[in-house]
Amino acid sequence: MTLLQDIGNTLEKVREANPLVHNITNVVVTNFTANGLLALGASPVMAYAKEEVADMARIAGALVLNIGTLNEAEVEAMLIAGRSANQHGVPVIFDPVGAGATPYRTKTAQTIMREVRVSVIRGNAAEIAHVIGDNWAIKGVDAGEGSGDAVSLAQSAAKLLGTTVVITGKEDVITDGRTTYLIRNGHPILTKVTGTGCLLTSVLGAFAAVEKDVLLAGASALVSYGVAAELAAAGRGAEGPGRFQIEFLNQLARISADDVHRYGAIDRV
Ligand code: ATP
Ligand code: TZP
Ligand code: MG
Ligand code: MG
């Protein structure tokens with residue numbers, strides 16, 4: 001069985017299992033995230049109240065934490081949900097949106113990494129660097145022009161944090177500190193639609209819910225997502241970001257194991 005066949009099978013498992021993904025995410029991307037998960041074949045739920053997050057996280061297939069529009073109440077809920085997920089063997093996926101942009105974001109991201117056992121942390125290079133106290137340029141929630149090698153940054157972060165790290169950009173890196181894959185799927189128009197990074201983090205949750213091998217789950221999410229974006233950009237999405245956003249949802253619903261075999265571009269490095 002080749003890696004791309006394993007990835008195609010993992011995509012099919014998401015569709016068969018329809019996993020419940022509990023998201024505590026930001027106000028910018030909430031609707032897009034729910035629609036993207038539905039299109040892919042997962043079942044989204046957004047629940048934020050500290051009175052219920054432990055119960056919701058317990059019954060979910062994965063918990064996604066995203067600090068894009070954080071506040072104290074939400075951070076408290078994230079810690080409660082994260083601890084419940086850890087107690088019940090539910091994988092936690094974390095998006096440290098804007099870490100490095102303000103001290104509050106950086107500190108909160110580091111607190112979550114310390115207090116919650118996170119299966120996968122996904123961000124742009126600057127965000128991941130700031131979570132480990134490294135200094136890449138960052139501008140708001142977009143990666144800046146920091147230099148350096150995303151592969152070695154991801155590997156250092158994985159070792160320091162003791163978790164699987166995903167750094168996205170023109171190419172995506174996933175590593176557990178020992179095994180590293182580079183994924184060359186995707187399209188630049190993804191950077192013109194807000195929430196494509198956040199939705200990807202939730203899609204990582206959907207895949208982690210159905211596949212215990214975190215590296216395979218993550219690689220499968222990255223390849224499937226990138227290929228869906230390529231298909232959308234090659235079709236109706238070529239018209240511009242508005243049409244692309246809608247067409248991308250269509251392609252997340254349509255993408256098949258066959259598309260993954262044909263267009264997946266992943267290498268072990
Ligand atoms: P940023 O705030 O830096 O844009 P983000 O959280 O939005 O970060 P991205 O790094 O943009 O996350 O990743 C979201 C998706 O867009 C991923 O699938 C990634 O592969 C893809 N992507 C980002 N930039 C490019 C690019 N230049 N070419 C192809 N795909 C890209
Ligand atoms: N501001 C706070 S969260 C957010 C913005 C614009 C969304 C960021 O989404 P992404 O997926 O990182 O582009
Ligand atoms: Mg982006
Ligand atoms: Mg982001």
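Counting starts at 1 for both ligands and their atoms, following the listed order.
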**Student:** I need the contact type for Leu200 against ligand 1. Using non-hydrogen atoms and a strict under-4.0 Å cut-off, is it side chain, backbone, both or neither?
**Tutor:** side chain
**Student:** Would you please determine whether Gly226 falls within less than 4.0 Å of ligand 1 on a heavy-atom basis?
**Tutor:** no
**Student:** Should one rank Thr194, Thr191, Leu190 by closest heavy-atom distance to atom 16 (O) of ligand 1, which comes out on top?
**Tutor:** Leu190
**Student:** Please go through Met56's hydrophobic cluster and name the other residues, only I, L, V, M, F, W, Y counting, with side-chain heavy atoms under 4.5 Å joining them.
**Tutor:** Leu20, Val45, Ile59
**Student:** Run the contact test for Arg122 against ligand 1 with a 4.0 Å cut-off on heavy atoms, strictly below, and give the result.
**Tutor:** yes
**Student:** Any nitrogen or oxygen of Tyr225 lying under 3.5 Å from a nitrogen or oxygen in ligand 1? Just yes or no.
**Tutor:** no
**Student:** Side chain to side chain donor-acceptor pair (under 3.5 Å), that's the test. Do Ser220 and Glu211 meet it? Break it down for me.
**Tutor:** CA-CA 10 Å; Ser220 303; Glu211 174 54 59; over 6 Å; no
**Student:** Which of the atoms of ligand 1 are close to Gly197, meaning less than 4.0 Å from one of its heavy atoms?
**Tutor:** 5 (P), 6 (O), 7 (O), 12 (O), 14 (C)
**Student:** Counting heavy atoms only, name the option from Glu230, His187, Lys192, Lys170 that's nearest to atom 27 (N) of ligand 1.
**Tutor:** Lys170
**Student:** For Ile266, does its backbone N or O pair with a side-chain atom of Arg184 as donor and acceptor, under 3.5 Å?
**Tutor:** no
**Student:** Quick check: does any side chain N or O of Gln251 sit under 3.5 Å from a backbone N or O of Val227, one acting as donor and the other as acceptor?
**Tutor:** no
**Student:** For Pro19 and Gly41, work out which heavy atoms get closest and say how close.
**Tutor:** CD-O, 4.1 Å
**Student:** Could you note down all residue pairs passing ring pair (Phe, Tyr, Trp, His ring centres under 6.0 Å) where residues 188-237 supplies at least one of them, sequence neighbours left out?
**Tutor:** Tyr225-Phe248
**Student:** First locate atom CG of Asn66, then atom OG1 of Thr30, and finally report the distance between them rounded to the nearest 0.5 Å.
**Tutor:** 8.5 Å
**Student:** Considering the heavy atoms of Asn124, write down every atom of ligand 1 situated less than 4.0 Å from one of them.
**Tutor:** 1 (P), 2 (O), 3 (O), 8 (O)
**Student:** Need the ligand 1 atom indices (1-based, order shown) with element for anything under 4.0 Å from a heavy-atom of Gly186.
**Tutor:** 29 (C), 30 (N)
